[in-house]
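Just below is one structure, and these are the notes that go with it.
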Amino acid sequence: MSMTQDSKSTDLSKAINIGFIGLGSMGSRMAAHLCARGYRVRGYDVRAEARAAFEKEGGIWANAAKDTALGTDFLVLMVVNVAQAEQLLFEAGVLDALPKEGGVVLMATCPAADVERISKAVTKTGRSFVDAPVSGGVAGAASATLTIMAACANETFARVEPLLQAMGDKVHHVGSIPGQGALVKTINQLLCGVHLAAAAEAVSLGAQADIDPQILINIFSESSASSWMLRDRGSRMIAGEPQVTSAIDIFVKDLGIVLDAGQRLKAPTPLASIAQQMFLAVSGQGFGQVDDSQVVRAYRAMTGVSGR
């Protein structure tokens with residue numbers, strides 16, 4: 001199911017107290033929306049500098065990760081990867097601090113098999129689990145227009161849906177089995193990575209023929225060859241040092257998850273494999289933290305043409 005911004009529920013009676021771990025560029029904005037909607041949000045991040053901005057939005061800072069779970073209805077994890085999620089839940093004492101009737105909402109991009117494993121460990125304790133990865137990046141987090149792909153039991157989704165709607169305007173219940181949301185996000189990243197690498201290849205091909213890359217981007221963005229990634233990343237490909245909205249190494253990781261899923265499900269993913277090699281080439285040059293539009297640098301390295 002999909003909900004629009006205008007139809008978001010304001011009934012918070014079923015989930016008032018929210019724990020939030022991971023107040024980075026996306027998480028901080030997502031938590032701010034929860035505060036604005038009237039939730040009581042206790043948050044934590046390993047970066048102490050995140051505290052001031054979080055408290056300015058009305059959040060309550062926790063001095064330790066496990067303190068975010070105390071008295072919490074739902075604990076949101078917007079962390080980097082599955083290793084961080086497991087460390088927090090099972091080693092840092094966060095799960096033990098969560099009330100027995102509470103639930104864990106994992107919103108990071110993680111391999112589906114790992115999400116399934118974490119879900120079983122959480123639900124074994126009697127607590128609920130929501131697999132809810134997101135798409136939309138920093139811009140979507142800032143405007144509360146994220147796409148959220150949730151997988152959990154129907155009754156759990158009914159409780160968590162208003163919370164998710166506070167952070168995204170496209171909330172989908174993709175299935176009842178945790179791991180299904182992660183797989184949908186994995187497929188999403190397959191398409192994003194391949195589209196982005198293909199756009200870079202097209203721009204580089206034109207540059208090799210001394211065609212102004214901005215002209216190419218303008219034409220393709222308005223033709224049947226267009227893609228959201230081309231329209232969003234195209235101009236940034238030819239910028240000197242574009243602002244980072246998503247780093248090269250994110251796609252190295254996410255396309256690795258795609259390849260692992262393909263192997264586990266015995267589904268070939270050759271285009272994802274090639275795309276990952278292009279991102280990996282840029283990362284190997286020492287540019288893993290630059291904007292992902294700079295996958296174009298892999299092609300420039302092969303042709304020697306700057307493209308600008």
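The residues of the chain are indexed from 1 along the displayed sequence.
- A distance-only check finds a donor-acceptor pair linking the side chain of Ser227 to the backbone of Leu230 [under 3.5 Å].
- For the atom pair CG of Asp114 and CG of Asp260, the computed distance is 9.0 Å after rounding to the nearest 0.5 Å.
- Formation of a donor-acceptor pair under 3.5 Å by the Thr68 side chain with backbone atoms of Gly19 is not found in this model.
- Lys100 places no side-chain N or O within donor-acceptor distance of the main-chain N or O of Gly126, the cut-off being under 3.5 Å.
- Put simply, Met302 and Val290 are part of the same group of oily side chains (I, L, V, M, F, W, Y) that touch within less than 4.5 Å, one to the next.
- Closest non-hydrogen pair, Ala301 versus Gln285, comes out as CB-NE2, 3.7 Å.
- Gly193 and Ala275 get closest at one heavy-atom pair: O-CB, 3.9 Å.
- Looking at Cys152 and His173, their side chains come closer than 4.5 Å, going by heavy atoms from C-beta outward.
- Here the side chains of Gln208 and Tyr299 are not in contact, with every heavy-atom distance at 4.5 Å or above.
- Side chains of Ser204 and Arg300: no donor on one and acceptor on the other come within 3.5 Å.
- A side-chain donor-acceptor contact under 3.5 Å links His33 to the backbone of Ala141.
- With contacts defined as side-chain heavy-atom distances shorter than 4.5 Å, the pair Phe157/Val171 qualifies.
- Contact record, Gly179 with Glu116: CA-CG, 4.0 Å, taken as the closest heavy-atom pair.
- A salt bridge is absent between Glu155 and Arg159: the closest approach of a Lys/Arg side-chain nitrogen to an acidic carboxylate oxygen does not fall below 4.0 angstrom.
- Nearest heavy-atom pair across Leu183 and Ala261 is CD1-CB, 4.3 Å.
- The two residues Leu34 and Leu163 make their nearest non-hydrogen contact at CD2-CD1, 3.1 Å.
- Remark: the Gln289 side chain and the Asp249 side chain contain an N/O donor-acceptor pair separated by less than 3.5 Å.
- The closest side-chain heavy-atom distance from Val105 to Leu164 is below 4.5 Å.
- Arg42 pairs by the salt bridge (Lys or Arg N to Asp or Glu O under 4.0 Å) definition with nothing, not counting sequence neighbours.
- Both Val138 and Phe20 belong to a single network of hydrophobic side chains, linked directly or stepwise wherever heavy atoms of I, L, V, M, F, W or Y lie under 4.5 Å apart.
- For the pair Ser283 (side chain) and Leu280 (backbone), a donor-acceptor distance under 3.5 Å is absent.
- A heavy-atom distance below 4.5 Å is not found between the side chains of Leu190 and Thr186.
- Contact check for Leu146 versus Met26: side-chain heavy atoms found under the 4.5 Å cut-off.
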**Request:** Please step through side-chain contact (heavy atoms from CB on, under 4.5 Å) for the pair Val203 and Phe220, ending with a clear verdict.
**Result:** CA-CA 10 Å; Val203 168; Phe220 299 151; 5.7 Å; no
**Request:** Show your working on side-chain contact (heavy atoms from CB on, under 4.5 Å) between Leu255 and Val258 and close with a plain yes or no.
**Result:** CA-CA 5 Å; Leu255 288 171; Val258 171; 4.3 Å; yes
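- Within 6.0 Å of CD in Gln243 there are 12 or fewer heavy atoms belonging to other residues, nucleotides or ligands.
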**Message:** Between Arg37 and Glu57, does the salt bridge (Lys or Arg N to Asp or Glu O under 4.0 Å) criterion hold? Intermediate values first, please.
**Reply:** CA-CA 11 Å; Arg37 292 294 296 272; Glu57 297 292 344; over 6 Å; no
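- The line from CG of Leu98 to CG of Leu75 is 6.0 Å long, rounded to the nearest 0.5 Å.
- No single ILVMFWY cluster, assembled from side-chain heavy atoms under 4.5 Å apart, contains both Ile148 and Ile177.
- One N or O on the side chain of Asp131 and one on the backbone of Ala182 form a donor-acceptor pair closer than 3.5 Å.
- Using cut-offs of 30° and 60° on the angle between ring planes, the pair Trp61 and Tyr44 is tilted.
- Between Pro213 and Met237, every side-chain heavy-atom pair lies at or beyond the 4.5 Å cut-off.
- Distance check: Leu89 CG to Arg127 CZ gives 10.0 Å after rounding to the nearest 0.5 Å.
- Linking Ile, Leu, Val, Met, Phe, Trp and Tyr residues whenever their side-chain heavy atoms come within less than 4.5 Å places Leu106 and Val46 in a single cluster.
- Taking CD of Glu222 as the start and CD1 of Ile217 as the end, the distance is 12.0 Å to the nearest 0.5 Å.
- With Glu201 contributing its side chain and Ala197 its backbone, the two residues share no donor-acceptor pair below 3.5 Å.
- Met229 is not connected to Ile187 by any chain of hydrophobic side-chain contacts under 4.5 Å among Ile, Leu, Val, Met, Phe, Trp and Tyr, and they are in different clusters.
- Ser128 pairs with exactly one of Thr123, Thr156, Val104 by the side chain to side chain contact (heavy atoms under 4.5 Å, CB included) rule, that one being Thr156.
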**Message:** Run Ile248 and Phe287 through side-chain contact (heavy atoms from CB on, under 4.5 Å) and show every step you take.
**Reply:** CA-CA 7 Å; Ile248 285 286; Phe287 300 115; 5.7 Å; no
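- Scanning all heavy atoms of the two residues, the minimum distance from Pro268 to Pro270 falls at C-CD, 3.4 Å.
- Side-chain atoms of Asp254 and Thr109 include no donor-acceptor pair closer than 3.5 Å.
- Lys170 contributes a side-chain N or O that, together with a main-chain N or O of Thr145, makes up a donor-acceptor pair within less than 3.5 Å.
- Between the side chain of Ser223 and the backbone N or O of Ala225 there is at least one donor-acceptor pair closer than 3.5 Å.
- Within the 4.5 Å cutoff, no side-chain heavy atoms of Leu196 are placed close to those of Met278.
- Using modelled atom types and a 3.5 Å distance limit, the side chains of Gln214 and Asn218 yield a donor-acceptor pair.
- Checked by atom type, the side-chain pair Arg233/Thr245 shows no donor-acceptor distance below 3.5 Å.
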**Asked** Val82 and Val115: side-chain contact (heavy atoms from CB on, under 4.5 Å), yes or no, with the steps?
**Response** CA-CA 8 Å; Val82 69; Val115 172; 6.0 Å; no
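- Expressed to the nearest 0.5 Å, how far CE of Met30 lies from SG of Cys35 amounts to 12.5 Å.
- Remark: Ile60 CD1 to Phe54 CZ distance equals 7.5 Å, nearest 0.5 Å.
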